[in-house]
Amino acid sequence: MNDNNFFNYSREFDDRFRYDGKDLGVRCAEGRTVFKVWSPFAESVELRLYRDAAAQPVLKREMQNRQRGIWEQEFQESLHGMYYDYLVRSGGKEVRTADPYAVSCSCNGEKSMVLDLRLTDPPGFSLDSAPPKGQEQIIYELHIKDFSYDENSGIPQKLRGKYKAFTVAGEDGTEPVCIRHLKELGITHVHLLPFFDYGSVDEAGDGSQFNWGYDPYNYNVPEGSYATDPQDGAVRVRECKEMIQALHAMGIRVVMDVVYNHTYRTDSWLQRMAPGYYYRHMEDGSLANGSDCGNDIAAGRAMADNYIADSVLYWAREYHIDGFRFDLMGLLTVELMNRIRRELDEEFGVGEKLMYGEPWSAFSSPMEEGMKPALKENASYLDNGIGIFSDDTRDAIKGSVFQEKEPGFVNGGSDLEQRILHAVTGWKDGGACFVPKSCEQIINYVSAHDNFSLWDKLVLSMHRGTVDFTEPYEDVMAANKLAAFIYFTCQGSLFMQAGEEFGRTKFGEDNSYCSAPEINMLRWEQAARFGDLVEYYKGLIRLRKSLPGLCDKSPAAAQRVTQKRIYRDGVVSFRVDNKTAYGREEWEELLIVYNASPHSYTLELPQAEGGGWTILADGSGTDCRKSAAESVEIEGRSGMMLARGAS
Ligand code: CA
């Protein structure tokens, strides 16, 4: 090892030192506490215990060296509630570190904490289970602080922006505004932006600081700034569980956004335990930076992969998390993603836990030999049940996320008809730089926390000069509805940023990762003001769930889409086979039309047996049932869905 902590990794090293036991960290239960760490270069490791995290240690104990770089110490008593850290000694140097496997920590994460985890369960948690998984998953991307920070959220001030905001109860119809909205929208999964312990927000601060949280500090610990008391490490664990339990009780599953591709600082606990091992380096010894965050975790090495897989399984098991969204998945490997899929399936049932990620990286990063990065171009190597965000669908609908004025299909772009028709079949018929294994892999979306909100992008690309982002511009409203209508009628899975359904604005900021909470928060007064748009989304959600031809997650889903037509600039249609094997569906076939042009279009309807065509949705409503005549008028910037019954 040199001064940069460059470590010349080899497979032989892993063969000699890899440890596949599932007991790293601390086990504390039934009057016994066992500490175990992997520190392969250490000459000795000292454990230090604290009653008060800020005071001097009350006990120091040398760890015992086991095989394969393992250090262990056992106590015949419960040390629940004690804090701890380690001194790792090697080559005449001594480094203090917390435990990368810690289940909780002190305020701001500097010391680890021993917990008998059963004592952190809120009442009824052992009986908590996720609501049954439906045919369709509609994922709602939400930041814990954004959800309830607004004074109009209906949440008492001391709980705004906290885990506990989700637990504020009321009778049906009298819940806080934000809770009622979440329950009534119809989404199936809430995907929470990172809530493992991250480093950028002072947990002892006054609460005015904000961060998205993509800066992992303690991977297996909930973030402290969302707890009502960040000083006591047991509180964040209990309150995080209460949040998940409350969401389950609302009938909503919970997805956790996880960031295993890099760490907040390179001088992380992983680095201090095994210098150089957990990070990728370039040939000249410098750190790889495919994450654009200063370092890349070396997925592909045995103990890095074990760490990531164990961490995912831990959250699924201990916190009842129902799915995982992998940040910059392109920096992880296909092999690791498939392994995590397999382990989740084995423990919880096939497909029970969702898995999806960003199939890209900021820059390229050197992989270990023989490993494939989990990039879009390698999608066909990813196992079933590993989804990828479709930037192709996103950009075809609304335009580039990087060029604010560049339009997509719904906001004035041209020559996009063919791409839109590819998006409809989840790119299974080509048209992109990759071919997915099946439509089920494709996550359709038009907005996420990154970049402009959908509303802001539409306003900026459709209006020149000074704009008012809170103004419900008629043309922007129509484009927003059409954008939603399009991705809700694409094969694959569905994902939306919270507030997209009420024209969420960040006032033209595209990178609000550390902007004020007032910029980022959901504005509940706007949710009321844009009620018509909210109703449009609710109808789309209901409709989508009711149509087996659109919910199909089987490999045959793409073949349901037939008769793709382009009529003129901006006007396309296709049909969807809506039949099921049981034959009990109400509608046999769907005819879906998108008109992105500003002018209305008259479409002669094909002959339909069994009572003709019924309009299920158009530009003004998504919950209608109107008999169609021989032709229909599709207004400018709107979509229409027609259905016919059995012939
Ligand atoms: Ca933190």
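Both ligands and their constituent atoms are indexed starting at 1 by order of listing.
Both the sub-6.0 Å distance and the 45° axial angle are satisfied by K353 relative to the ring of F348. Y84 does not carry K111 over the face of its six-membered ring by the limits of under 6.0 Å from the centre and within 45° of the normal.
The Ca ion (ligand 1) lies closest to atom OE1 when only the N/O/S atoms of E223 are considered. Closest to the Ca ion (ligand 1) among the N, O or S atoms of E203 is OE2. Distances from the Ca ion (ligand 1) to each N, O or S atom of D197 single out OD1 as the nearest.
The side chain to side chain contact (heavy atoms under 4.5 Å, CB included) test with F196 singles out one residue from N220, V259, N218, and that residue is V259.
For a distance bound of 3.0 Å, the N, O or S atoms of Y198 include one lying that close to the Ca ion (ligand 1).
Under the 6.0 Å cut-off for aromatic ring centres, H181 and W524 qualify, their centroids lying closer than that.
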